[in-house]
Structure formats: structure tokens, C-alpha cells
S.K.: 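Quick one: structure below, then a few questions.
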Amino acid sequence: MLNPATIVLKNGKDHSLRRRHPWVFSGAIARVQGETLEGDPVRVEAIDGELLGVGHFSGGGSIAVRMLDFGQDAQLPTPAFWEAKLGNAYALRQRLALTGTADTNVFRLIHAEGDGLPGLIIDVYGDVAVVQAHSVGMYRARPEIAAALQVVFGHKLRAIYDKSAETVPGNAVPDAKNGYLFGESTGTEHLVMENGHQFAVDWETGQKTGFFIDQRDNRVLLARYSPGRKVLNTFCYTGGFSVYALEAGAELVHSVDSSKKAIALTERNAELSNHADRHAAYADDVLGFLKNHSAEYDLLVLDPPAYAKHMGARHAALMGYKRLNAAGIAHLAPGGLLFTFSCSQVVSPELFEGAVLAAAIEAGRPARILHRLTQPADHPVSLFHPEGAYLKGLVLAVE
């Protein structure tokens with residue numbers, strides 16, 4: 001882009017950018033110099049003309065610019081920029097021992113602001129990278145991102161799949177379609193490994209990018225407590241917690257999800273574990289299942305989808321977490337363990353813990369916190385963007 005527009009901030013509204021926070025809110029803008037389209041790269045300047053950085057312009061919503069680089073030396077994205085960003089992220093995952101191992105070939109390569117690329121998610125499943133754009137700027141940059149991925153991974157990458165149709169703003173890109181940016185479908189089941197456990201992953205039609213990678217470390221913890229226990233895994237999706245519990249020696253595992261397709265994937269993954277004889281899956285609404293079944297469990301997982309995606313829905317979400325956790329606690333045998341989670345970014349750990357406390361009070365069950373849980377290291381949180389810490393969880397021992 002030869003002549004990018006310039007976003008000039010109001011006096012005193014440059015402090016957050018000087019602290020490297022990656023969002024420019026629309027209310028901070030004094031004026032726009034030049035023509036801009038949704039997703040265009042733009043320069044961002046202080047009121048005195050000092051260059052503060054460059055980013056992607058967003059015409060709608062409260063976040064007007066998502067920053068890509070900071071400071072007076074910031075440059076608009078080039079092929080070298082994308083290669084450097086992706087290469088840096090890949091090097092971190094290599095240092096975390098998440099690449100090149102026989103036990104695990106599933107990891108998140110780019111976690112939006114946590115890796116300095118707001119609006120972009122990239123998950124790697126063996127030899128396939130799945131790209132998901134959450135902003136128009138990242139959506140328009142998909143060819144450059146795909147080219148950089150091929151440079152960084154070389155022959156290790158067989159295909160790149162774009163899964164942005166569900167996440168890019170629909171009013172800006174109404175004709176977005178998912179598809180391969182590089183390579184093509186093999187038409188066969190794709191199997192991956194996580195900590196030695198085998199899973200079938202469907203990135204083409206599954207939820208998110210195909211697998212909930214962010215629960216990897218928490219699944220390991222659950223496995224530690226699973227031997228000999230009766231386990232209920234709700235909102236199971238592809239059955240990640242279920243497989244870990246089965247292979248750790250759980251007495252039985254029941255999996256519940258409202259999606260019949262998710263239940264089919266869970267059953268397939270239970271088969272891959274060779275312990276399907278101790279597993280049963282139910283396509284049912286979780287609250288309905290808890291209401292209509294009287295069985296008690298020794299270990300119960302509550303991992304619902306985000307109850308609130310904006311501040312206006314936060315109160316209703318907290319009431320939802322209270323109802324769900326009260327229903328779950330009622331199904332725990334004395335001394336049972338509850339693994340309960342929230343992935344709602346606008347619900348803080350303190351508010352979530354308060355909702356679970358209210359649930360325990362309503363259930364009339366004493367409970368102790370054994371662990372406070374969060375997202376794994378390949379979902380990093382920028383120190384300058386604490387909003388990136390979205391996953392929070394508790395492990396409770398319930399009397």
C-alpha cells in the first residue's frame with residue numbers, strides 16, 4: 001500500500017499505545033487523514049505527528065485499529081514481516097517442546113495479541129495449519145500469511161486450511177468461504193497425537209479450528225485424578241477429557257454434548273483409545289441431562305462454550321455459571337472432584353469464582369479449591385494486553 005491513511009489520536013489518548021497495548025478505540029481518534037477501507041494497513045500518530053505504530057483499520061465496532069508494530073520505526077507489513085512474526089512464534093513453540101516430538105503434534109502457532117498479531121489464530125495439526133481470521137485485516141492478508149507459513153515450515157507443511165468464514169465480521173466480508181489456501185483435502189480421517197493420546201480431528205466442519213487445544217495441560221491434570229473414578233465429561237466436543245480419563249484408568253466415563261456430530265467424534269476417539277467398553281456418550285442438553293439423570297460421579301467436568309462475548313451479557317453469564325455448577329455439584333459423590341471452566345473473556349477469574357461459590361452455597365456442599373487453572377503456554381498472554389487471558393478454571397474437592 002503506497003499511501004496508507006493516517007489515524008491521528010486525540011491529545012492524551014496515546015498513552016496506551018506507548019505502553020504497547022494493541023487496541024486503538026474509536027473514541028481516541030481525532031481525525032483520519034486519507035481514505036481507508038475496512039482492513040487497510042494504517043499509520044497511527046500522536047496529535048503532534050509522532051509515529052506511534054502501524055496496524056489494521058476496523059471501520060465498525062469500538063476497536064478502530066489493531067496494532068501490528070509500535071514505535072517511530074514501525075513499517076507496514078511486508079513478506080519479511082509475516083515471516084519474522086510466524087518464525088518467532090514457531091521458535092517459541094520449539095522451545096516449549098511442542099514441536100518435533102512423537103507424543104504431540106498439535107499446538108497453537110499464533111494466539112492473536114499474545115503473539116503480536118491481533119485478529120489471527122493459527123493452529124497446527126501435524127502437517128496441516130488451520131488459519132482463522134477474526135478481523136478483516138487478517139482476512140485480507142491470508143495469501144501473505146499462507147506464503148510465510150510455507151517459508152517457516154517448509155516441507156513439514158502439507159496443507160493450509162482457511163477457517164475464517166465463521167469468525168471474520170460478516171457485514172464486511174459477506175461472501176467469506178472456508179477452503180484450502182495451500183494443498184488440498186486428502187478425503188481421509190486425520191489423526192493427530194497429544195501427549196501420546198490419539199485423536200481424530202475435523203478442521204473442515206468441526207467447531208473452532210477442530211480441537212480444543214487450550215485444555216491440553218488441564219487434561220493432563222484430570223488424568224492424574226481419574227484412576228478408579230466414575231467420570232462425567234459435559235460439553236465434551238471431541239472427548240478430550242474423556243480419552244485422557246479412559247487411558248488413565250477411570251472406572252467408567254460418560255460424555256455429554258448437545259451436538260450429535262460432536263458425540264460421533266467423541267465415540268470415535270474413545271474407540272481409538274481402545275477403552276470404548278468403559279465409555280458411553282449422550283447427545284443431550286447438559287442441563288437437561290443433569291436434571292433427568294440421578295447418577296453420582298466421582299469426577300465431573302463442566303467446560304461450556306463462552307456464556308458472554310460482550311460486557312452486556314456478563315450478568316446473565318454469571319447466573320448461567322451459577323445454575324450449571326449447582327447442577328453439577330449435585331451429581332458429585334461425597335469427596336468428588338469438580339473441574340469447572342469459563343472461556344468468557346469478559347468474565348474475570350474473581351467473578352467466575354464468585355459464581356461457583358454461589359453454586360456451592362445453593363447446593364449446600366462444602367468445597368475446597370485444589371487448583372486454579374488457565375490456558376497453556378502456546379496460548380500466551382501479552383504482558384501489555386491482559387485481556388488475552390480468557391480461560392479460567394477451578395478444581396474443587398466437594399464434600
Side-chain angles (χ1 to χ4, degrees), residues 98 101 103-108 111 121 123-126 128 130 163 189-203 205-227 229-250 252-276 278-283 286 297 299-306 328 337-343 371 373-379 390-395:
L98 288 173
T101 71
D103 284 349
T104 298
N105 63 359
V106 177
F107 61 93
R108 174 153 292 184
H111 187 60
I121 297 293
D123 288 338
V124 175
Y125 298 106
V128 176
V130 181
K163 189 74 181 293
E189 181 179 60
H190 195 91
L191 301 179
V192 299
M193 297 291 291
E194 182 187 82
N195 291 321
H197 304 296
Q198 196 171 37
F199 292 95
V201 174
D202 180 5
W203 54 76
T205 63
Q207 299 176 39
K208 303 291 186 178
T209 66
F211 191 63
F212 292 164
I213 302 173
D214 58 1
Q215 290 285 20
R216 179 182 58 247
D217 292 352
N218 300 328
R219 288 190 276 264
V220 172
L221 180 63
L222 176 130
R224 185 196 309 172
Y225 295 130
S226 293
R229 285 190 159 97
K230 297 177 181 178
V231 177
L232 174 62
N233 178 21
T234 67
F235 306 97
C236 63
Y237 186 35
T238 57
F241 283 111
S242 302
V243 168
Y244 275 67
L246 287 168
E247 297 205 357
L252 65 83
V253 178
H254 291 166
S255 303
V256 182
D257 198 288
S258 61
S259 166
K260 292 182 179 179
K261 183 171 184 180
I263 289 299
L265 280 168
T266 294
E267 291 179 326
R268 172 58 180 147
N269 287 327
E271 290 173 2
L272 289 170
S273 76
N274 295 317
H275 298 293
R278 291 186 276 116
H279 179 258
Y282 303 88
V286 169
Y297 297 90
L299 194 160
L300 197 151
V301 180
L302 299 173
D303 186 21
L337 299 179
L338 176 68
F339 278 64
T340 182
F341 297 94
S342 165
C343 61
H371 303 275
L373 307 177
T374 186
Q375 60 219 55
D378 56 347
H379 293 59
Y390 70 96
L391 182 63
K392 70 283 300 180
L394 298 170
V395 180

S.K.: Under the criterion side-chain contact (heavy atoms from CB on, under 4.5 Å), I'd like the reasoning laid out for Tyr125 against Val106: C-alpha separation, chi angles, the key distance, then a yes or no.
M.R.: CA-CA 5 Å; Tyr125 298 106; Val106 177; 3.7 Å; yes
S.K.: If you measure from CG on Leu246 to CG on Asn274, what distance do you get to the nearest 0.5 Å?
M.R.: 10.5 Å
S.K.: Taking all non-hydrogen atoms of both residues into account, name the closest pair between Gly249 and Arg278 and its distance.
M.R.: C-NH1, 4.0 Å
S.K.: Using modelled atom types and a 3.5 Å cut-off, is there a donor and acceptor pairing between side-chain atoms of Asp303 and backbone atoms of Cys236?
M.R.: no
S.K.: Which heavy atom of Leu221 sits nearest to which heavy atom of Leu373, and what is that distance?
M.R.: CD2-CD2, 3.7 Å
S.K.: Quick one: pull up CD in Glu271 and CD in Gln198 and give me the separation to the nearest 0.5 Å.
M.R.: 12.0 Å
S.K.: Taking the six-membered ring for Trp, are His111 and His379 parallel (under 30°), tilted (30 to 60°) or perpendicular (over 60°)?
M.R.: tilted
S.K.: Supply the atom-to-atom distance Leu265 CG to Gln207 CD, rounded to the nearest 0.5 angstrom.
M.R.: 9.5 Å
S.K.: For Lys230, does the NZ atom sit with more than 12 other heavy atoms under 6.0 Å from it, leaving out its own atoms?
M.R.: no
S.K.: Using the side chain to side chain contact (heavy atoms under 4.5 Å, CB included) rule, pick out the option among Leu394, Leu302, Val395 that qualifies with Leu338.
M.R.: Leu302
S.K.: So His197 and Tyr244, would you call those rings parallel, tilted or perpendicular, with 30° and 60° as cut-offs?
M.R.: tilted
S.K.: Just checking, is any N or O donor in the side chain of Ser242 or Ser255 under 3.5 Å from an acceptor N or O on the other one?
M.R.: yes
S.K.: To check you understand the geometry: which heavy-atom pair defines the closest contact between Gly239 and Thr266, and what is its length?
M.R.: N-OG1, 3.2 Å
S.K.: Please report the C-alpha distance between Asn195 and Thr104 in whole Å, then the side-chain angles of each, then the deciding distance to 0.1 Å, and finally whether the side-chain contact (heavy atoms from CB on, under 4.5 Å) criterion is met.
M.R.: CA-CA 5 Å; Asn195 291 321; Thr104 298; 3.6 Å; yes
S.K.: Is there a side-chain contact between Thr234 and Pro304, using heavy atoms and a 4.5 Å cut-off?
M.R.: no
S.K.: Decide, yes or no, whether a salt bridge links Lys261 with Asp202 under the criterion of side-chain N to carboxylate O below 4.0 Å.
M.R.: yes
S.K.: Determine whether Phe211 and Asp123 make a side-chain contact, defined as any pair of heavy atoms from C-beta on separated by less than 4.5 Å.
M.R.: no
S.K.: Taking all heavy atoms of Leu222 and all of Ala245, pick out the closest pair and write down the distance.
M.R.: CD2-CB, 3.9 Å
S.K.: Just so I know, are the side chains of Arg229 and Leu337 near enough to count as touching, which here means a heavy-atom distance under 4.5 Å?
M.R.: yes
S.K.: Only one of Val253, Val231, Asn233 passes side chain to side chain contact (heavy atoms under 4.5 Å, CB included) with Leu299; say which it is.
M.R.: Val231
S.K.: Would you give the length of the straight line joining atom CD1 of Ile213 to atom CZ of Arg219, rounded to the nearest 0.5 angstrom?
M.R.: 8.5 Å
S.K.: Determine whether a donor-acceptor pair (N or O, by modelled atom type, separation under 3.5 Å) exists between the side chain of Lys392 and the backbone of Tyr390.
M.R.: yes
S.K.: In terms of side-chain geometry, is the basic nitrogen of Asp378 or Arg216 positioned less than 4.0 Å from the acidic oxygen of its partner?
M.R.: yes
S.K.: Return the minimal non-hydrogen interatomic distance between Ala248 and Pro227, and the atom names on each side.
M.R.: O-CG, 3.3 Å
S.K.: If you measure from CD on Gln375 to CZ on Arg108, what distance do you get to the nearest 0.5 Å?
M.R.: 9.0 Å
S.K.: Looking only at atom types and distance, does a side-chain atom of Asp217 sit under 3.5 Å from a main-chain N or O of Pro376, one as donor and one as acceptor?
M.R.: no
S.K.: Side chains of Gln215 and Leu391, heavy atoms from C-beta outward: is any pair under 4.5 Å?
M.R.: yes
S.K.: Would a 4.5 Å heavy-atom cut-off, applied to side chains only, mark Val192 and Glu194 as touching?
M.R.: no
S.K.: How about Lys163 and Ile121: do any of their side-chain heavy atoms sit closer than 4.5 Å?
M.R.: no
S.K.: Testing the basics here: between Tyr237 and Asp257, what is the closest heavy-atom pair and its distance to 0.1 Å?
M.R.: N-OD2, 3.0 Å
S.K.: Working to the nearest 0.5 Å, report the span between CZ of Phe241 and CG of Leu232.
M.R.: 12.5 Å
S.K.: Return the orientation label for the Phe341 and Phe339 ring planes: parallel under 30°, perpendicular over 60°, tilted otherwise.
M.R.: tilted
